[in-house]
Amino acid sequence: MSLEFKSFFTALSLFIAGVALPVSAQTDFQADSAFIRKIYDTALSEGKSYEWLRHLTQQVGPRLSGSEGAAKAVLYTKSVMESERFDHVFLQNVMVPHWVRGAKEKAQISNGKQKTDVPIAALGGSIATPKGGIRAKVIEVKSFQQLRDLGTEKVKGKIVFFNRPMDPTKINTFEAYAGAVEQRAAGASEAAKLGAIGSITRSMTTRLDDFPHTGSMRYASGAPMIPAAAISTNGAELLSKTLQANPETEFYFEQNCETLPDAASHNVIGELKGKTNAGKYIAIGGHLDSWDFAQGAHDDGSGCVQSIEALRILKALGYQPNHTLRAVMFMNEENGMKGGITYADSAKSKQETHIAAIESDHGGFSPRGFGIVGTPAQKARIQQWAGLFAAYGVHELGPGGGGADIGPLAQQGTVLLGLMPDTQRYFDYHHAANDRFEAVSKRELELGAAAMASMLYLIDKYGL
Ligand SMILES: [Zn+2]
């Protein structure tokens, strides 16, 4: 498209969006458009989120719930919001699960005399293997049904290998993840019910690489607890091929993880007080915890710093919010959700009505839209603002959900919004050691922060 035609097209679409608004929406298109332009200018020319992310990922580092890193991340983000002079910055007590990996895992494929080491990672919540590890023949399956059809006779005493890949034909990679992740979350117990002694799951990524991608798993009550790990996708391909050539192939693995008693931790909250409606709240947040061997740059350091940045930008522009705006760093999204649950419980007991909550937990990639969870009328109200976002590549208002941490607020009638960036590369990094600061683009991170600040501004100004 030529530049002239493109600017004509943009002007036309803005014009149409402007005049298409019903009078009842009472939006001031020109003023809002100008203010959102200022939000983007501030984010892109004097943004702070990228340097905060650098510190959080490189100086604080991994921050699994209950760890020293998580405690440091609490203090760091609190100090950032204090130095930005938010009206009120405080910690909210949260008790969290405390799982530790222990010494690095070992794993090997044994095909007769040929032994090949492969990368694995214990799944969060898994038990250890006995000292010295376990070695057994392997049963490969693609589904729980296939496993059940094999029955106890074929599964007993073996290691079950769950090898259904994320469906590469899904355009939204979160759909592909949703279609495969039961293997990681529930596979061990499904295998244990049939007498398996260990469970190995293909990593949740569409890419072929050597990084094991961890994640949480749960033991079903009544099933024996067996050790569970993720294997890299290259490792999974090799194991599958080796098994095809020789069904007698054995797998060996050793892991040293354990679950310690619950630990004291915190959500971190920073507020800009509302002027006309201070008793009503809009929360914007991400989760502060990450997996233990990852810097958690995309998941979810990005969402945390974008949320603080959204408040900082509105404050820097002299915006006086109607409602009280809160940036919330939720603790323990990865393996317990205790931060999100505690936050919603506290809001309920203190009668802090949340009209909306916005979460960024899909990576610090180029923003494309917002998922919305609310009534059709609330969705329609937000969709009336589409014209204000069109110039910034944010086109999808509606499809997708809110976010795990803000989810518990839905019961209180809160409208949930999830920033939805381009999802194509998210699972290249998700829960893996390559989710590092260098994987995040400064510009894309800042565009996300600006989109969140703009949505926050519109919700605050017009209500829902
Ligand atoms: Zn996350």
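Counting begins at 1 with the first residue of the sequence.
Summarising the geometry, atom OG1 belonging to T42 is positioned 6.0 Å from atom CD1 belonging to I313; distances are rounded to the nearest 0.5 Å. Taking CZ of F365 as the reference point, atom CE of M420 lies at 12.5 Å (rounded to 0.5 Å). Rounded to the nearest 0.5 angstrom, L123 CG and T214 OG1 are separated by 5.0 Å. If you take OG on S265 and NZ on K338, they are separated by 13.0 Å, rounding to the nearest 0.5 Å. The structure places CG of L56 at 6.0 Å from CG of L288, a figure rounded to the nearest 0.5 Å. For the atom pair CZ of R312 and CG of L272, the computed distance is 11.5 Å after rounding to the nearest 0.5 Å.
A salt bridge links K48 to E84: one of the charged nitrogens lies within less than 4.0 Å of a carboxylate oxygen. In summary, E237 and R202 engage in a salt bridge, as defined by a charged side-chain N under 4.0 Å from a carboxylate O. Using a cut-off of 4.0 Å between Lys/Arg side-chain N and Asp/Glu carboxylate O, D292 and R101 are scored as salt-bridged. Of the charged side-chain nitrogens involved, none lies within less than 4.0 Å of a carboxylate oxygen, so that E446 and R443 do not count as a salt-bridged pair. The existence of a salt bridge linking E444 and R425 is confirmed by a sub-4.0 Å separation between a basic side-chain nitrogen and an acidic carboxylate oxygen. Between E190 and K193 there is a salt bridge, with a side-chain nitrogen of the basic residue lying less than 4.0 Å from a carboxylate oxygen of the acidic one.
A distance-only check finds no donor-acceptor pair linking the side chain of H88 to the backbone of E271 [under 3.5 Å]. Of the possible donor and acceptor atoms, none in the side chain of S126 sits under 3.5 Å from a partner among the backbone N and O of P227. The backbone N or O of D405 lies less than 3.5 Å from a partner atom in the side chain of E359, making a donor-acceptor pair. At least one donor-acceptor pair closer than 3.5 Å links the side chain of T57 to the backbone N or O of R54.
Residues S240 and E140 bring a donor and an acceptor atom of their side chains to less than 3.5 Å of each other. Between the side chains of Q424 and T173, not a single donor N or O lies within less than 3.5 Å of an accepting N or O. Counting only N and O atoms by type, the side chains of D167 and T169 include a donor and acceptor under 3.5 Å apart. No side-chain donor-acceptor contact under 3.5 Å links E334 and S290. With no hydrogens or angles considered, a side-chain donor-acceptor pair links S360 and Q306 at under 3.5 Å. No hydrogens or angles considered: nothing links the side chains of D289 and N332 as a donor-acceptor pair under 3.5 Å. If you check the side chains of D299 and H287, you find a donor sitting under 3.5 Å from an acceptor. Looking at E250 and Y252, their side chains never bring a donor and an acceptor atom within 3.5 Å of each other. The closest side-chain donor-acceptor pair between R326 and Y343 falls under 3.5 angstrom.
Residues P421 and R368 fail the side-chain proximity criterion, which asks for heavy atoms closer than 4.5 Å. Considering only heavy atoms from C-beta on, K158 stays 4.5 Å or farther from V138 through its side chain. Using a 4.5 Å heavy-atom cutoff, the side chains of F370 and I358 are in contact.
Environment of CZ in R218: sparse, with no more than 12 heavy atoms of neighbouring residues, nucleotides or ligands closer than 6.0 Å. For Q145, the CD atom is densely surrounded, since the number of other residues' heavy atoms within 6.0 Å is greater than 12. Residue Q59 qualifies as enclosed at atom CD: its count of foreign heavy atoms under 6.0 Å is above 12. By the neighbour-count criterion of 12 heavy atoms within 6.0 Å, atom CD of Q58 is densely surrounded, having more than that number from other residues, nucleotides or ligands. Within 6.0 Å of the NZ atom in K315, the count of heavy atoms belonging to other residues, nucleotides or ligands exceeds 12. The local environment of CD in E46 is crowded, with over 12 non-hydrogen atoms from other residues, nucleotides or ligands closer than 6.0 Å.
For the pairing with H55, the ring-ring contact (aromatic ring centres under 6.0 Å, His included) check across Y50, Y76, F437 returns one residue only, Y76. The side-chain contact (heavy atoms from CB on, under 4.5 Å) test with T201 singles out one residue from R184, H213, M217, and that residue is R184.
Classified by interplanar angle (parallel below 30°, tilted 30° to 60°, perpendicular above 60°), the ring pair H354/Y281 is parallel. Taking the six-membered ring where tryptophan is involved, the planes of Y426 and H298 are perpendicular, since the angle between them exceeds 60° and thus also 30°.
Between H362 and F174, the ring center distance clears the sub-6.0 Å criterion.
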field: Intermediate values then yes/no, salt bridge (Lys or Arg N to Asp or Glu O under 4.0 Å), E182 and R164
entry: CA-CA 10 Å; E182 64 171 10; R164 182 169 87 253; 3.2 Å; yes
- request: Evaluate side chain to side chain contact (heavy atoms under 4.5 Å, CB included) for M166 paired with F427, printing each intermediate quantity in order.
  value: CA-CA 10 Å; M166 281 172 57; F427 291 94; 3.8 Å; yes
task: Evaluate side chain to side chain contact (heavy atoms under 4.5 Å, CB included) for H266 paired with V94, printing each intermediate quantity in order.
output: CA-CA 5 Å; H266 308 275; V94 183; 5.5 Å; no
- prompt: Hey, mind stepping through V141 and V160 against side chain to side chain contact (heavy atoms under 4.5 Å, CB included) and telling me if it holds?
  reply: CA-CA 7 Å; V141 294; V160 171; 3.9 Å; yes
task: Determine, stepwise, if the pair Q378 / I372 fulfils side chain to side chain contact (heavy atoms under 4.5 Å, CB included).
output: CA-CA 9 Å; Q378 288 164 332; I372 305 169; 6.0 Å; no
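Shortest non-hydrogen contact noted between A432 and A294 is O-CB, 3.3 Å.
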